[in-house]
K.L.:
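This is the structure I want to talk about, given as C-alpha cells.
The model shown is predicted, which means the values in this text are computed figures rather than measured ones. Below, read A as the first sequence line, B as the second, and so on, with proteins coming before strands; counting in each chain starts at 1.
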Amino acid sequence: MKKKIIYLIAILAISVASCSKDFSERESLDSVDVAKTWNTADEVRATTSTLYSGLPWAGFTSRAMDDIGDVMSGNSHSYEGNGDYRAFVVFSQSATTALVGNCWTSFYKVGGWAASYLRAFEMKKTLGGDPAILDPAIAECRFMLGVTYFYIVRAFGDAPIIDDPGKVALEGNYNIPKYLKADVLRYAIEQMTLAEEGLPETDVPGRVTKYAAKAYLAKMYLYNKDYANAAAKAQEVIGSGKYDLVSTELYDDMFNSSSMNNNIESIFAIQYQLTQNPWGAGNQLQCDRGPSNLNTSESSMWELFRPSLDFMKAWEPGDLRRPATVMEHGWSHLSWKPTNADALYNAFMANGFVYDTIQDAAHGGNLNATRSNIAKYVVGPGSAFGGEPVIGMNTGQNFMMMRYADVLLIYAEAILGGNSSTSDAGAIDAFNKVRTRAGLAAKSSITIDDIMKERRMEFAFEGDYWYDIQRQGFAKAKQIIEAQNRGAVGSPLYVTFGENYMYLPIPASEILQDPELANPAVPYYTGK
Amino acid sequence: MSFFKSRIELTLDLYKKVTSDMLLFTTGPTFLGIGSAWNDLKAPIGNVGQMTNKGFDISLTTRNFVKNDFNWTTSLVISHYKNTLDKLRNESSSLTGSVYYAQNQITYTTPGHALGSFYGLVYDGIMRTQEELNASYPQFGSPKDETHTWLGDVRYKDLNDDQVIDEKDMTYIGSPVPDFTFGFTNTLNYKSFDLSLFLQGSYGAEIYNFLKWQLEKLDNSYNNQLATVLDRYTAENTDGSLPRFTASNSNNTYTSDRYIEDGSYLRIQNLTIGYKLPTNIISRVKMTNLRVYMSAQNLYTFTKYTGYDPEIGALDNGILLMNVDQGHYPNPRTITFGINVEF
C-alpha cells in the first residue's frame, strides 16, 4: 500500500452530454492506476465530467429535491396517501424516512467522488502530472465540494465533513463527529474560494468557470449574512458580462426544451443525457411532475408533485412566468399532440394538448387535488407526439442548479443587507430585471419580503424556496408555513411547525454506524 | 468408521477455518461517499478483517435391511457451522447490508457476530389506548399526534432505558445462519417395488421477510397490499393485528423484528416409487427390463414461515444479505411419471 499507487479508484466513466468536441467519450474503466492515467487533458476532463452527470445527483434531484425544496416550503403538494412524500407536506420526517436518507446519500456521494478525484489528481501531481492540466480539474472538484457541502449544511445543519474518503475507508475509523453548521458552511466557502482561484475564465458550455464559483460564493456569503462580500461577488458576476437573462419569450424554453441546455442564463447545470442507462443519467423530473393526461407510450407522467394551493394563490396578476411554471385550466401547448387508446381522448387532443379541468378525466381532462400541474422541466409527450424525444421517465433537459436570475436577486438582497428596505439604484435595477422580464411593474423600493416573494415565483420547483424560508429564522419560517394551506381543494390543511423540522434529521442507519453523530456538534476549525 | 460389516458407516468432519485479511470493499456509512453499490465510486479494496467458520458435518449411512427381497438403506447428513466476524480494520468499523434501492438497512455486523446478522428495533406491540400512547417513549423525536406517533402505531422496546426510542435501541434481532441443516435419504426395495424418499431441511435460521415489509407496509394507498392488512388497527378495530395505516409516520416500518420469522423447514424434496414388471411378462415383447415409476420433486414443505419459500439463500451481493426474502422465483413442484425400458 505504501507504493506510489496508494489506492486504485474505480470510476464509473459517465461522459457528460455535451455539445462540444472537447468532452471526450470514454469506455468505463474498472480501476485507474494513477501513474498511468490522467496524462492528457481529455483524460482528466472525462473524469471530472462525471461530477456533472445526473448519476451521483440522482438521489437528490429525483424526488428529494422536490420534497425538501418545494414540498416542505409549501410550493408543492404531494399525494396524501403516499408514505414516501407525505411526511414533507405535514412535517413528520424522521431519522427513519427513506427520502431523507436518499438526499443525504446523494450529497455525500457527489462530495465523495469530488474529494476522491481531488486526492488522486493531487497524487498525480506528485508523480509528475502536468499541473496545467490537473489544477483546473482540482478546482472543478473543489467547486463540486463547495456546492454539495452548501446543500448539506442547508439541509442537515451540523454534519460530518469527509475530506479524504479513501483514507477514512481504509483506516476504517468511522467515528467521525458532526461539525458545527457554521464550520460546514465555512468549509463550503473555503472550497469554493479555492475553486474560484483555480477555475478558468471561460470554458466550453456546461463546464463551470471562475464566475460560477463567484455566483455560489455570493450565495454562501449571503446565507452567512456577510452582505459586503455577497454583493462584491455577485457584482463580479454581473460585471463580467458573461451571463444574461433569457428573454421573456424563451423563459419557458429554459425548462422544456433541451435546445436551451447551457443557455446564457445557466451558470451551473447538471448535464443530463437522454438515456435510461445508467439509471439517473437522464433527467427524471418530468415523470414526477407532468400531468397524467399527458402520459403517452413514449413518456411516463404521474404527477407525484403538483403546485400547492398556497403557491397558486401567490401569483400576481400579469406574471408572464405563470404559464412556464404551472399548467392550469385553459393552459395549452398545441404542438404537443398526445394520443392513447381512447378515441374520445384523441378527439379532445386532436388540435394539440389542452389542460382542462372540466373535460372528463377519463377522456383527456385533468381534475387533480390542486387543479394544476407543474410545467417546469416537463418537456412534453415525446417525439412521436410533437414533443422532443423522451425515454420513459427520462428527458435530456439539463437541470439548472444556479442561474443568472439568482445572482441578480442575491445582489439586490446583499445591498439591502439587514435594512428594512432599499432604493439603491443597483439593487433596484438587478431586482427589476428579473421582475420586468416576467412582465410585472418595476418597483422603486424593495424590502426583504419583496425579494423573497420574487425568489419564490422565479425559482419555484427548482428546489430552493425551502432554504429561503429557513434562512429567515425559525420565527419567520413558522409564521410563513403555518399560514399556508397545504391541503387539497375541498380539504384544506394547516400544519404546526416545530423548530426540530428546520433541518432534516441524520438517517438512523448512519448514526448506528457512527454513534458520534448523536453527540453535539464540535468545531471543525480549531484554533483558527 | 464403519461397523457391523459396513452395515453402519459414520463419517464425521470437524473444521475450523479462519479467513484472515479478507478482501472487501472498505465500505462504511454512506457519508463516506464511496462504496460498493452499482452507482458508487468504488471504495478501495482492503484487507479489512478476519472471520472464523467453525463446524462439523456428520454423515451416517445405515443398511437397515439387507435381504433378498427387501433392502432398506438410510443416509443422514447433518451440517452445522458457526460464523463469527472476529475483527475489522478498526474497532468502529462495521459491515452493513441494505435493500430496496439501498434505503433499508437490514443487516449490521460488528466483530463478535455472524456476518449478515439482522439488526433492528424490537417490537413491543401496538399502542391501542390513550393511556398506552401517553406512557410510550418518543420515537426518533416525533411528537404524539395523528400525523406523527399516534394510536395504532408500533411501540418499540427501550433497550437502553433512556426513555427515548432511537437507533440506540436497535440490537441483534436474528441470524440468517441455521443451527444445522440436514438431508435424509431412504432407499427401499421390496420385491419388484422400489421407493426412495429424500427429506431436506434447515433448523434455527431466521428470515427477514422483506416481502412482508412491502406488502404490509400500510403507508401508501397506491400500493397493493396483502389481505392481512384488513385486520389493521382502526378506531373501529382497536384490536387489529397490524398497526394503523399512516403515510406520515415512517417509524412503524423501520427495520425491526416485526419482519423476522423462523426460517426452519423440513421439505420432502423427492419421493420416487417404482415398480418393475415381472420378466416373464415383458420377455414376451423382447424386453429385458421395464420399470414404471412416479417421482415427485418438492412435494411438501413443513414450515412456520409465512412467505412463499423458506429456502432463500443470499440476495444479490452475498453474505451480507442472506435470508432476506425479497421474493424470488418459486421452487416448482414437479411430478414425473416415467417408464424405463431395456431391450
K.L.:
Within a strict 4.5 Å, meaning less than it, do heavy atoms of the S92(B) and N173(A) side chains meet?
P.N.:
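Result yes, sub-4.5 Å side-chain heavy-atom pair found.
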K.L.:
Heavy-atom pairs under 4.5 Å with chain A - which of S94(B), A102(B), S142(B) has more of them than the others?
P.N.:
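Option with the greatest count: S94(B).
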K.L.:
Just say parallel, tilted or perpendicular for the rings of Y222(B) and Y79(A), cut-offs at 30° and 60°.
P.N.:
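Rings of Y222(B) and Y79(A): tilted, as their planes differ by 30° to 60°.
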K.L.:
In the structure I gave you, are the side-chain heavy atoms of T30(B) and E510(A) within less than 4.5 Å of one another anywhere?
P.N.:
yes
K.L.:
Among D145(B), T96(B), N223(B), T110(B), single out the residue with the greatest number of heavy-atom pairs under 4.5 Å to chain A.
P.N.:
T96(B)
K.L.:
Which residue out of N220(B), T253(B), N104(B), L32(B) racks up the most heavy-atom pairs below 4.5 Å with chain A?
P.N.:
N220(B)
K.L.:
S509(A) versus Y119(B): any side-chain heavy-atom pair under 4.5 Å?
P.N.:
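No. Closest side-chain heavy atoms not under 4.5 Å.
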K.L.:
Less than 4.5 Å apart, side chain to side chain, heavy atoms only: is that true for T96(A) and Q139(B)?
P.N.:
no
K.L.:
Quick one, S94(A) and S250(B) - any side-chain contact, counting heavy atoms below 4.5 Å?
P.N.:
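They are in side-chain contact.
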K.L.:
Heavy-atom cut-off 4.5 Å, strictly under: side chain, backbone, both or neither for A159(A) against chain B?
P.N.:
neither
K.L.:
Check whether any side-chain heavy atom of W38(B) sits under 4.5 Å from a side-chain heavy atom of P278(A), and report yes or no.
P.N.:
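Sidechains of P278(A) and W38(B): in contact.
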K.L.:
Just how far is it from atom CZ of F31(B) to atom CD of Q513(A), taken to the nearest 0.5 Å?
P.N.:
8.0 Å
K.L.:
Would you say the side chain of F140(B) lies within less than 4.5 Å of the side chain of T97(A), judging by non-hydrogen atoms?
P.N.:
no
